[in-house]
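Data block below; observations after.
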Amino acid sequence: MKSRIVVVANRLPVSWDGERWVTSPGGLVRALEPVLQKVNGSWVGWAGNSGDAPGPFEHDGIEQRPVPLSNDEVDDFYYGFCNGTLWPLYHDAVISPEFHRHHWRPYRTVNQRYAQIAAESVEPDDIAWVQDYQLQLVPGMLRAIRDDITIGFYLHIPFPPIELFARLPWRRQLIEGLLGADVLAFQTRASVANFARAARRFGGAESVGRRELKWQGRSIKLQRAPIAIDTAHFETLARSEGVQRRARELRHELGDATHIFLGVDRLDYTKGIDLRLKSFAGLLDQNVGLPRRYAFVQVAVPSRENVPAYQELRSDIEQSVGRINGDYGEPGWSPVSYLYRSLELEELIAYYVAADVMLVTPLRDGMNLVAKEYVACRRNRSGVLVLSEFAGAAEQLRAALIVNPHDVDGVTEVMRQATEMPEAEARARMQRLRRTVRRETVFEWARDCLAMLETL
Ligand code: ADQ
């Protein structure tokens, strides 16, 4: 690694716990920390509190450059444009995206601020690596201030098909912002192709083969780089005595059901939790007279709780859970256990270890790391992964049982199939899945992305 790297992301990798800065958990931070430490890197991002931001400081060998956001900017830029416009638009418009000029303007202002602070953090020949949909204008804005650095961009969510992207009133500006980068990387082949098409149509770029664009006399490389997890870390924890014991306890607490199904998601309308519950109810319907055979645990992490669409979703899901438990439960036993909270990593892994069937059925998802985490935790090659064809992970995890989450009866059928699958088939599938998840970890992901930027 020869160049210095400056990561520019919506959030810093640290947050203030009232007394000191603590590193936020998560695969991205774990993967990038050693790289940034080695090259004396910096991280530009918001610290999570509105108002003034502290000056630059160092944490664990990485320079942190906080970006200030006012209260209004958090509302209009973050909740408004990022989560009210871009998030639904980029996820197949599963709810209607909102288009407001009073959200667009703060998006531009805030992106300009990130670009300015990033420009002050880099030296000639450094690499600035911009992350995700909140900062799509930053590559172009940064290039306008500094043309002596290499700029990369990584999109964690899907890039939508042109038919949807075309709705965006500011589509040209976003494309031009992104084209300021030297390398644009995406989770899937589909996203690379969608972006190339939109860049030709709305930015006037020209394609040179499938992985390069020419625009304003510059060459822009396109890369498919599916994000992954720190597989060894999950494997080690899954193997630990404490987690194994907790997994046994959980099975017992779940009434020693023959088949334990599990869903783990941020509570988001893209994750398909409500349809998944309907499919599970279908399975219970087929098994009248055989109660307590199936248990379904849904763990949902609170997310964007002050956005009305998320509040509505939460109450819809709670109603469905109540209905299913009312229809099929018995005194002292409910088929669905619903946890609305974030879990400690060890506890989450105990659920992965305890579950016979993992249901990952988003309506659209950039990658979905939960699918990979489950596979990493299945050390004895048991367990079945049911995976939506609309998750980025489906491009890699082809030995899963692939489903269309909109097809409620179809998913019920696959759930039944999962419970009846011969052991040899389940093991063979899990073995193939494990091979992928062990070969392609978050460290390979970071290495591939940065190698592409280094060679320019
Ligand atoms: P997310 O939409 O958040 O990420 P995902 O990739 O599944 O989706 O990551 C969720 C993470 O949260 C996982 O690491 C999981 O372990 C953790 N988590 C989930 N439920 C939890 C709980 N109850 N307690 C504790 N932790 C929990 C976005 C995109 C994805 C893309 C990632 C990474 O939407 O498509 O895969 O970024 O690029």
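Just follow the structure's listing: the first ligand is 1, and inside any ligand the first atom is 1.
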- Item | Row check, Trp87 ring normal vs Arg304 NZ/CZ: under 6.0 Å, within 45° |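 Yes, Arg304 sits over the ring of Trp87.
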- Selection residues 155-167 - residue pairs positive for side chain to side chain donor-acceptor pair (under 3.5 Å), sequence neighbours left out: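 Only Gln131-His156 qualify under side chain to side chain donor-acceptor pair (under 3.5 Å).
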- Query: Which pairs pass salt bridge (charged side-chain N to carboxylate O under 4.0 Å, His left out) with one or both residues in residues 370-382, sequence neighbours excluded?
  - Reply: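 Sorted pair list comes back empty.
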- Residue pairs, two or more places apart or on separate chains, that pass salt bridge (charged side-chain N to carboxylate O under 4.0 Å, His left out) and touch residues 313-322: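 Checked against salt bridge (charged side-chain N to carboxylate O under 4.0 Å, His left out) - neighbours excluded - the pairs reaching residues 313-322 are Arg314-Glu318.
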- Determine the interplanar angle of the Tyr269 and Tyr310 rings, folded into 0 to 90°, and report it as parallel if under 30°, tilted if 30 to 60°, perpendicular if over 60°.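 Plane angle between 30° and 60°, so tilted.
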- Aromatic ring pairing Trp129/Tyr154, orientation class (parallel under 30°, perpendicular over 60°, tilted between):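 Geometry flag for Tyr154 against Trp129: perpendicular rings.
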- Item | Shell of residues surrounding ligand 1, defined by a 4.0 angstrom heavy-atom cut-off that is strict |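 If the criterion is a heavy atom under 4.0 Å, then ligand 1 touches Trp87, His156, Gln187, Ile227, Val264, Arg266, Lys271, Val299, Val301, Arg341, Ser342, Leu343, Leu348, Tyr352, Asp365, Gly366, Met367, Asn368, Leu369, Val370, Glu373.
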